[in-house]
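By convention in this document, chain letters (A, B, ...) are assigned in the order of the sequence lines, proteins followed by strands, and residues within each chain are numbered from 1.
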Amino acid sequence: MDPSHIRNFSVIAHIDHGKSTLADRFLEITGALQAREMEAQVLDAMDLERERGITIKAHPVCLHYTATDGQKYVLNLIDTPGHVDFSYEVTRSLAACEGALLLVDASQGVEAQTLANAYLAVENNLEIIPVINKIDLPGAQPEECRRQISDIIGLDGEHALLASAKMGTGVHEILEAIVHRLPPPAGIPDAPLKALIFDSWYDPYRGVVIVVRVIDGLLTPGMKIRLMAEGQDYESLSVGIFTPKAIEVDSLAVGEVGFLVANIKKISDAKIGDTITEVSRPALEPFPGFKPLKPMVFAGFYPVEGHEYPELRDALEKLRLNDASFFYEPETSVALGFGFRCGFLGLLHMEIVQERLEREFDMDLVTTAPGVLYRVTTTDGKVQEIDSPAKLPDTGRIEKIEEPVITAMVLTPAEHVGGILKLCQDKRGVQKTLEYLSSSRVLITYELPFNEVVLDFYDKLKTISRGYASLDYHVTGYWESPLVKLDILVNGDPVDALSIIVHRDSAYERGRALASKMRELIPRQMFEVAIQAAIGGRIIARETVSAMRKNVLAKCYGGDISRKRKLLEKQKEGKKRMKRVGKVEIPQEAFLAVLKMGTDTES
Amino acid sequence: MHPAPRTQHSAPLGLYIHIPFCSAICNYCNFNRGLFDADLKTRYVDALVTEIGRVGRAGGAGREEADTIFFGGGTPSLLEPDEIARIIATCDASFDVAADREVTLEANPETVTEARLAAFRRAGVNRLSFGVQSFKDEELRRLSRLHSAGRARDAAGEARAAGFENVSLDLMMWLPEQRVADWLASVDAAIALAPDHLSLYLLEIYPNAPLKDDMARARWSQAPDADAAAMYLESLDRLDAAGYEQYEISNVARPGRRSRHNLKYWTDGEWLGFGCGAHSTRDGVRWKNVASTEDYADRIARGESTAVDARRLGPDERLGDALFTGLRLVDGIDGDAIQRRYGVDVWRRFGPDLERFLEAGCLRREGARLGLTRRGMLLANEVMSVFV
């Protein structure tokens, strides 16, 4: 295909602003819908994504479109993940495009996520076509949206297209704009091969399937290829495109988007953002922007039943076949036994992995409180990264601790500004900017310790703004902080899995709140249970769960043993969800008590 | 090792007969009962007699051995002595009931006189179990009971005068507004009457019990758990001192006066239940009769089966039931007997889960025997749930 007749584009949109509906309209108009229906399961394969309304990422789709000028075009629609946890993948998807549609809900206006991704698109030199969607809704304010697009994002709002993907209004105009307003790919056909990997997954029959955008040169089956970042060589077995059905083709040329199957066994060998070149005629430089994915959020995963450790290991191994972005390594906890320290791109990513383990692999898990990656300099001058409170060196050996910092963009209706500023201050934030984008919309930019955001920032933000504020953030650096390890002792023994790293100034309050929450969560046992919070061996809070005094059934009338058994079974079922630490039975949710503290103590 | 095959009906059966009628419905009661209705009662007694006869004949040529009959309710003392006599006669005709049988009648103090009790005695009843619950009138009123403490005392005396040598009293602790001292006063009052047997239960308030509403309306509350535990432990101390032996979590008796019928429930025995909602256990199968009195009588009249929810227990369930019921007994579980009957070494199978109860002083292990301590009895469910 002549590159001048190719357009590669993404759709940037906030959740629920109509991206999927618009994509369906494109498929319908270009005749791909029937095929899509067949492939519906493949395109949207993960239940979890559908339930949460987040598409982590769908296949790119190759649309054949005959424009009003009579020319045939190939439009490659490249999906982008919809959550901040996956923002690196967003940049790689955008890098595979020349342009993007910026989809804004006519009644909701610009949201933080839209803004953040629009900035990413601009940074990647993409041509952006603003589209105001859902103009059929009674609350639609297209003029206000135009103004926001101009004022907030700095794009040309006047020429934004108006559409209702649901009704089909304006969809043709969007397709025409893609053809006429977006530039064709500019690559060199006879240069050495350079193809950008922007997605990959594991297929049990074919091994790793890589999705690429050819930047320069030609990719053909049978070619000896090299993944430049890894330096590994493979043989290309087949290449093809998604119509959306996967169809093999003879080659992928400059500007084209499609899949590649080589004899790659592990998804971790085909890293997103890596560049593929030809072994016999390698490119001098890879396509810029590759970063190895680094987990940002860490938590311990333990089987409730210790003997299920091998099953958990197998399950993690299998999950990793499909998701190279999470990391795990064996970890031993005094309290919880054998388990794994797992690293994730973010909290949502962690929840997804956790739910998949529970749902697809039927694992019963104890998850410890999530934390971030701290940088600790010890007195001997060594710097180490700490992904678990248990690994924190003794206080005496610590020279300094640095914690990751994010830059957060919060876009909110003006009436919630006060509450949000207070929240950001409470969370040890440093204000960067506060802009009234209009009389009713405010953009607040803060630097915040990532750890605070991991704990409960987002939930609180949503509560304070009654769901109206939107958040986007990126880790932008580290700062030094007086951090301490807060330990929880149960009947005098520290429970390593309950330790958290907190700021010295809030340690006392956190410790008290945590001990109090633990008292609520730990049921009465056969003996008194003391719960203490301690910093460096000094007890700062104590709570007591008094001993259970009675749990006995009255008479078993007239020989109704079955009823009695049922009651006992019910009781036992309740205990199954608990982990025995020493002699104390601790419910699963207690290990995440730190996440729930705010709900009662601060409201 | 094979589980030893069980000899068919190795021990005599217990016969349970349910009488679902009451003069008034107590606000805490969750048993299968309804208001007294003379016509329905007559029809019901006919149905009982038919059912007992039918089940007895189904046993085959030789009549099966039984050694206890227990009239439970409801309020069985609302039946006329001749009705009781007819039912016992039917039991004798249908089963080989031992000469040294135990025949218990549950009775409410307000339903009896000395003459009436004497008539029950003549009908063949040799054990009375009075639903006294409390010797404080105020507490009885809160429970919507129809009798007074005085009537309960008199009834106990009338029972002796009528010739009963085996009398049991039921008492309930942890009643609304009851303090530890109140409860102990009732226990002392009971001891003063010198019954042969006493049952002591903690009141359980079911989610939909009218008592719950009464309590909310009158702002009555139950004492804290620690007080409930104290009630239990202190009353048992007093009963020990008065010469009663505790033999089960909720039951004490003078030597030789343990309830032979109820012991079948706790010793992996077998029993047949007759009447609406009555439970039966036999040959590893548990079932019950339909709950509705009318439905039951209709089915019997039509010659239909009354059994519902029949379930054959699997080996693990039989073992588990034998263990948790056995643990209700002060003597506890006899590991050797379990080994012989089920081919299972209790400690080997459950030891790891039971160890902590030993440590906590809830359980004692003496040779092959495993039993609850008194403190452990209050936490019986914790221990028992290991076996299910």
Side-chain angles (χ1 to χ4, degrees), chain A residues 303-309 335 337 364 490-493 495 519-520 522-530 544-587, chain B residues 14 16 18 30-32 70 72-73 170 172 174 199 201-204 224-230 232 249-251 261-262 264-266 269 271 273 277-281 286 288 309 311 317 320-321 324-325 328 356-357 359-362 375-382 384-388:
Chain A
V304 172
E305 299 287 347
H307 60 82
E308 284 182 358
Y309 174 81
D364 225 350
V490 174
N491 274 359
D493 297 324
V495 179
R519 179 177 53 78
E520 283 172 38
I522 295 179
R524 289 184 169 204
Q525 320 264 320
M526 288 180 299
F527 37 81
E528 186 176 282
V529 177
T544 304
V545 179
S546 50
M548 179 195 294
R549 292 308 305 271
K550 63 166 193 54
N551 179 13
V552 59
L553 294 171
K555 61 176 152 188
C556 166
Y557 201 81
D560 187 0
I561 309 285
S562 304
R563 173 171 169 265
K564 198 143 226 138
R565 167 175 273 274
K566 269 184 209 141
L567 289 164
L568 291 173
E569 281 170 351
K570 209 170 145 193
Q571 171 149 346
K572 184 164 192 172
E573 199 50 46
K575 286 206 197 302
K576 266 198 186 150
R577 311 281 298 172
M578 297 204 229
K579 184 89 192 173
R580 199 178 299 162
V581 176
K583 288 187 210 165
V584 182
E585 286 179 327
I586 301 181
Chain B
Y16 175 84
H18 191 70
N30 194 35
F31 295 139
N32 189 29
F70 193 104
D170 273 14
M172 284 200 302
W174 206 35
S199 296
Y201 299 116
L202 277 151
L203 172 68
E204 269 180 68
D225 271 17
D227 283 0
Y232 179 81
I249 288 180
S250 300
N251 289 287
H261 182 84
N262 284 333
K264 292 185 194 296
Y265 302 150
W266 316 130
W271 59 93
H279 293 263
S280 302
T281 295
R286 297 200 198 281
K288 65 177 184 189
D309 296 348
R311 229 159 56 80
E317 205 173 342
D321 283 4
F324 84 72
T325 54
R328 287 192 67 99
R356 65 209 173 95
F357 295 107
E359 280 173 37
C362 290
R375 181 178 122 73
M377 286 179 182
L378 276 165
L379 300 172
N381 287 353
E382 295 289 311
M384 289 174 181
S385 56
V386 165
F387 300 126
V388 300

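The environment of A:K583 atom NZ is sparse: at most 12 non-hydrogen atoms of other residues, nucleotides or ligands sit within 6.0 angstrom.
Considering only heavy-atom pairs separated by less than 4.5 Å from chain B, the leading option among A:M526, A:R565, A:R549 is A:R565. Contacts with chain A were tallied for B:L379, B:N251, B:V386; B:L379 has the most, counting heavy-atom pairs under 4.5 Å.
Shown here are the side chain to side chain contact (heavy atoms under 4.5 Å, CB included) partners of A:T544, two or more places apart in sequence or in another chain: A:E528, A:R542. B:F324 is linked by a ring-ring contact (aromatic ring centres under 6.0 Å, His included) to nothing, counting only residues two or more places apart in sequence or in another chain.
For a residue to count as touching a neighbouring chain, one of its non-hydrogen atoms must lie under 4.5 Å from one of that chain's; by this rule B:E317 touches chain A with backbone and side chain alike. For a residue to count as touching a neighbouring chain, one of its non-hydrogen atoms must lie under 4.5 Å from one of that chain's; by this rule B:M172 does not touch chain A. Only the side chain of B:R286 comes within contact range of chain A, with heavy atoms under 4.5 Å apart. Contacts between A:Q525 and chain B at a heavy-atom distance below 4.5 Å are absent for every atom of the residue. Proximity to chain A involves both the backbone and the side chain of B:A226, based on heavy atoms less than 4.5 angstrom apart.
Here the side chains of B:M377 and B:S250 are not in contact, with every heavy-atom distance at 4.5 Å or above. Put simply, the side chain of A:S562 does not reach to within 4.5 Å of the side chain of B:K288, judged on heavy atoms. B:H279 places none of its side-chain heavy atoms less than 4.5 Å from the side chain of A:R563.
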